[in-house]
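Below is one structure, written out as structure tokens; the observations come after it.
Lettering follows sequence order; numbering is per chain, from 1.
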Protein chains: 2
Amino acid sequence: MTIRDETVPTPASPLRLAEVAARAGVSESTVSRVLRNIGPIAETTRAAVLKAAEELGYVPNRLAGALASTGSALVGVVVPSLDNIVFAEVLRGVTEKLEEAGLQAVIGVTGYDLAREERIVSALLAWRPRGIVIAGIDHTPRVRDLLAANGTAVVEMMDIDGSEPALGRRVGLSHGAAGAAMAAHLVARGHRRFGYVGHDISRDIRARKRLDGFAAELARRGGDLVARQMVPGPSSVSAGRAGLAALLAAQPDLDAVYFSNDDMAVGGYFHCEANGIRMPDDLAIAGFNGLDIGQELPRRLTTVRSPRYRIGQLAAEQILTRQDAAGPASPATIDVGFELIAGETA
Amino acid sequence: MTIRDETVPTPASPLRLAEVAARAGVSESTVSRVLRNIGPIAETTRAAVLKAAEELGYVPNRLAGALASTGSALVGVVVPSLDNIVFAEVLRGVTEKLEEAGLQAVIGVTGYDLAREERIVSALLAWRPRGIVIAGIDHTPRVRDLLAANGTAVVEMMDIDGSEPALGRRVGLSHGAAGAAMAAHLVARGHRRFGYVGHDISRDIRARKRLDGFAAELARRGGDLVARQMVPGPSSVSAGRAGLAALLAAQPDLDAVYFSNDDMAVGGYFHCEANGIRMPDDLAIAGFNGLDIGQELPRRLTTVRSPRYRIGQLAAEQILTRQDAAGPASPATIDVGFELIAGETA
DNA sequence: ATAATGGATGACAGCGCTTGCATAGATGCT
DNA sequence: AGCATCTATGCAAGCGCTGTCATCCATTAT
């Protein structure tokens with residue numbers, strides 16, 4: 001004797017529109033319309049269909065739907081890294097906004113590797129996504145071609161500096177300006193002899209843009225960038241700590257040190273704390289990103305806040321509001337700006 | 001006169017297999033086989049097809065491919081949050097392993113909200129993914145039904161504690177045991193009067209499991225959990241800092257405080273530092289996760305390291321190695337274990 | 001030589017949906 | 001009553017691939 005548990009809803013599942021249609025006693029097209037809320041449907045029919053779908057536990061096959069309607073409710077998101085919280089926050093902004101609109105993010109992580117970016121963009125495009133959100137504005141020609149060729153909506157985010165023609169809309173901030181703003185602030189605070197501690201800047205293009213902006217502004221205002229210390233590999237607290245130690249070993253007489261980002265700067269902070277270096281009197285410390293952790297340190301970190309979550313949200317919105325029909329186009333580039341946080345370390 | 005720029009590869013893009021086939025002078029099936037490396041193909045044909053595809057900048061439509069072959073190279077990943085680095089690291093592990101296999105992650109973020117989890121799982125299933133990787137083992141009946149009903153491979157990750165029947169393979173660690181291990185360690189260090197600072201534990205089930213394990217072990221070993229301070233909202237450094245302040249205001253005579261995780265514990269650390277509370281003599285501090293930041297503090301944080309990146313990798317592997325054919329099944333549950341880090345704060 | 005074998009390729013029927021067009025009642029209007 | 005309008009629904013043709021089966025040579029075996 002076999003006992004069947006009637007409460008188990010769906011045994012296995014090649015469950016198709018046809019099954020729901022049969023159970024509701026209508027045609028497939030009607031079920032399709034009810035489920036997508038289009039066209040005029042009699043209330044009784046709608047209820048019957050919804051009931052049948054519910055009882056069966058029907059989950060529509062979006063692959064088929066997207067294929068038939070050429071439009072896939074998928075949005076490709078390309079980020080360089082998930083090593084620190086920065087891109088995770090961007091991702092959160094993107095996914096939240098997309099979820100509201102019933103879209104989903106397919107993600108790709110490049111590891112700041114351009115060859116990988118090519119593979120990833122191509123793989124993402126294979127899903128005929130509604131759009132692609134990609135970090136940065138510096139891409140290989142192949143990536144540019146791919147993105148330009150397909151009719152996909154493209155949003156480049158995080159960065160707006162550069163002469164490359166835009167592939168689509170842009171949402172971000174000027175890293176050059178952020179670097180310059182910090183230089184201006186530090187000089188105004190009386191610092192003159194500067195050091196820089198960075199991570200692999202050949203890959204992290206935005207970090208380089210910040211440094212360039214910083215150095216240029218420093219030159220303009222009479223500051224001196226007398227020493228740089230690059231640490232191989234990605235940014236991290238430990239890299240920042242080790243980097244500052246190395247920098248000071250080579251060049252002890254610095255007023256202030258600019259770090260490639262807050263992770264690095266927090267490392268520098270800890271180095272100072274552990275070695276009795278008082279901030280900002282003995283040494284000023286400044287970073288970039290405005291991470292929470294920096295603002296919870298006993299002495300708040302001087303840094304520049306980037307609205308990462310907001311950038312993610314806006315980027316997703318740009319995909320959603322793509323002007324397919326006529327109408328006032330929203331601006332091609334959205335500069336979200338940044339905020340200099342005058343903390344207690346510089 | 002119109003100037004055509006011959007270097008621009010693809011003008012617009014309803015580019016189909018047929019176009020490539022025509023250019024290469026073969027049939028669609030042949031192109032399909034070449035592109036997927038199956039069946040016997042003459043070298044000359046293969047070269048011609050590859051050349052044509054390359055020149056055209058052809059990107060196959062995976063929607064159509066997946067529909068035709070029932071198998072979508074997409075893997076759903078469901079995580080509760082992207083607020084801290086923990087799940088970002090898991091995600092990194094997952095995406096890296098998937099990329100190696102040519103699969104892609106579609107992500108969903110639940111915000112520890114069970115109703116949202118239902119919607120997300122359902123939406124993910126609509127893409128007929130190769131598998132679903134989901135954080136946690138505690139799900140609503142609806143989610144369990146959805147995941148069980150469809151033929152999808154399921155991997156539950158992060159957690160292995162609990163009596164719920166598994167929905168698929170599991171990769172994680174025992175949070176109860178992790179809590180207990182910390183209790184044992186702290187008692188062994190001579191601490192007796194304990195406090196706890198946590199965030200919204202009704203939503204973060206794993207944090208609660210750690211607390212339960214911690215409290216039970218404490219009782220067994222003669223420690224006393226005399227005070228708890230819950231901070232509303234998600235975990236963060238500032239919440240931990242504020243939580244410890246509140247806890248100590250209500251109960252000044254504590255030996256040690258266990259935090260729901262490292263973010264919270266680092267906040268506690270900063271509170272102590274700012275208020276001249278010496279660790280561990282005046283107060284011992286312990287967390288969970290083994291985040292980098294905790295290990296870079298001037299005094300290394302006492303905590304338990306969870307192999308998050310590894311969990312992500314393993315979870316992805318479980319999807320990849322799903323035994324469709326016969327063969328020795330890999331274990332249903334992989335306990336990745338944990339490592340107690342005896343730092344300098346407890 | 002003739003048949004048998006196997007390598008290389010093409011034809012074609014779907015995969016599960018969406019959507020334009022056709023159809024059929026039900027109303028409204030003259 | 002007779003015809004135009006709607007509203008509600010069904011039919012059927014794809015969307016761009018994959019996979020089965022059939023076909024066609026070029027070899028090799030007999």
| OP1 or OP2 of dT18(C) under 4.0 Å from side-chain N/O of Ser69(A) | no
| field | side-chain hydrogen bond (donor to acceptor under 3.5 Å, both in side chains) assessment of Arg169(B) paired with Thr321(B) | value | CA-CA 11 Å; Arg169(B) 314 242 265 243; Thr321(B) 65; 3.1 Å; yes
| note | Rounded to 10°, the helix from dA1(C)-dT30(D) to dT30(C)-dA1(D) deviates from straight, judged by its five-pair end axes, by 40°
| note | Which of Val75(A), Val94(A), Ile132(A) passes side chain to side chain contact (heavy atoms under 4.5 Å, CB included) with Ile319(A)? It is Val75(A)
| field | Upstream residue (5' side of DNA chain C) when Glu28(A) and Thr45(B) are each assigned their closest nucleotide | value | Thr45(B)
| message | So for Arg33(A) and dG10(D), does any side-chain atom that can act as donor or acceptor lie under 3.5 Å from a complementary atom in the base? | response | yes
| remark: Residue pair Ile41(B)/Ile38(A) against DNA chain C: nearer the 5' end by closest nucleotide is Ile41(B)
| task | Kindly indicate whether a cation-pi arrangement holds for Arg92(B) with Tyr309(B), taking the cut-offs as under 6.0 Å to the six-membered ring centre and within 45° of the axis. | result | yes
| query | Can you tell me how far P of dC17(C) sits from CH2 of Trp127(B), to the nearest Å? | reply | 12 Å
| Protein-nucleotide distance (Leu17(A), atom CG; dC15(C), atom C1'), rounded to Å | 13 Å
| said: Check the phosphate of dT9(C) against Ser27(B), side-chain N and O only, distance under 4.0 Å to OP1 or OP2. Yes or no? | reply: no
| Arg142(B): what forms a salt bridge (charged side-chain N to carboxylate O under 4.0 Å, His left out) with it, not counting sequence neighbours? | none
| Given dG16(C), is OP1 or OP2 found less than 4.0 Å from the side-chain N or O atoms of Tyr58(A)? | no
| Leu124(A) and its side chain to side chain contact (heavy atoms under 4.5 Å, CB included) partner, picked from Leu147(A), Val106(A), Val77(A), Thr152(A) | Val106(A)
| said: I'd like to know whether Arg16(B) forms a salt bridge (Lys or Arg N to Asp or Glu O under 4.0 Å) with Glu28(B), so could you lay out the CA-CA distance, the side-chain angles of the two residues, the decisive distance to 0.1 Å, and finally the verdict. | reply: CA-CA 9 Å; Arg16(B) 302 185 313 291; Glu28(B) 295 185 32; over 6 Å; no
| remark: Testing dC17(C), dG7(C), dT18(C) for proximity to the side chain of Ser32(A), the answer is dT18(C)
| said: Nearest whole Å is fine: how far is dT18(C) P from Leu63(A) CG? | reply: 12 Å
| said: Between the base of dA11(C) and the side chain of Ser29(B), is there a donor and acceptor pair under 3.5 angstrom? | reply: yes
| request: In whole angstrom, give the distance that lies between atom CZ of Arg62(B) and atom C1' of dC15(C). | output: 17 Å
| field | Under 4.0 angstrom between Arg36(B) side-chain N/O and dC17(D) OP1 or OP2 | value | no
| Spacing of Arg16(A) atom CZ relative to dC17(C) atom C1', expressed in whole Å | 11 Å
| Does any N or O in the side chain of Ser72(B) come within less than 3.5 Å of the main-chain N or O of Trp127(B), such that one atom is a donor and the other an acceptor? | yes
| Minimum-distance nucleotide to Leu67(A) side chain [options: dG16(D), dT7(D), dT18(C)] | dG16(D)
| Taking only side-chain nitrogens and oxygens of Thr30(A), does any of them come within less than 4.0 Å of OP1 or OP2 of dT9(D)? | no
| Whole angstrom value for the distance that separates C1' of dG16(C) from CG of Leu15(A) | 12 Å
| note | Rounded to whole Å, the CG-P distance (Leu35(A) to dT19(C)) equals 14 Å
| task | Could you tell me whether a side-chain N or O of Arg144(B) sits under 3.5 Å from a main-chain N or O of Pro165(B), the two making a donor and an acceptor? | result | yes
| request: Could you pick out which residue, Gly65(B) or Gly25(A), lies toward the 5' side of DNA chain D when each is mapped onto its nearest nucleotide? | output: Gly25(A)
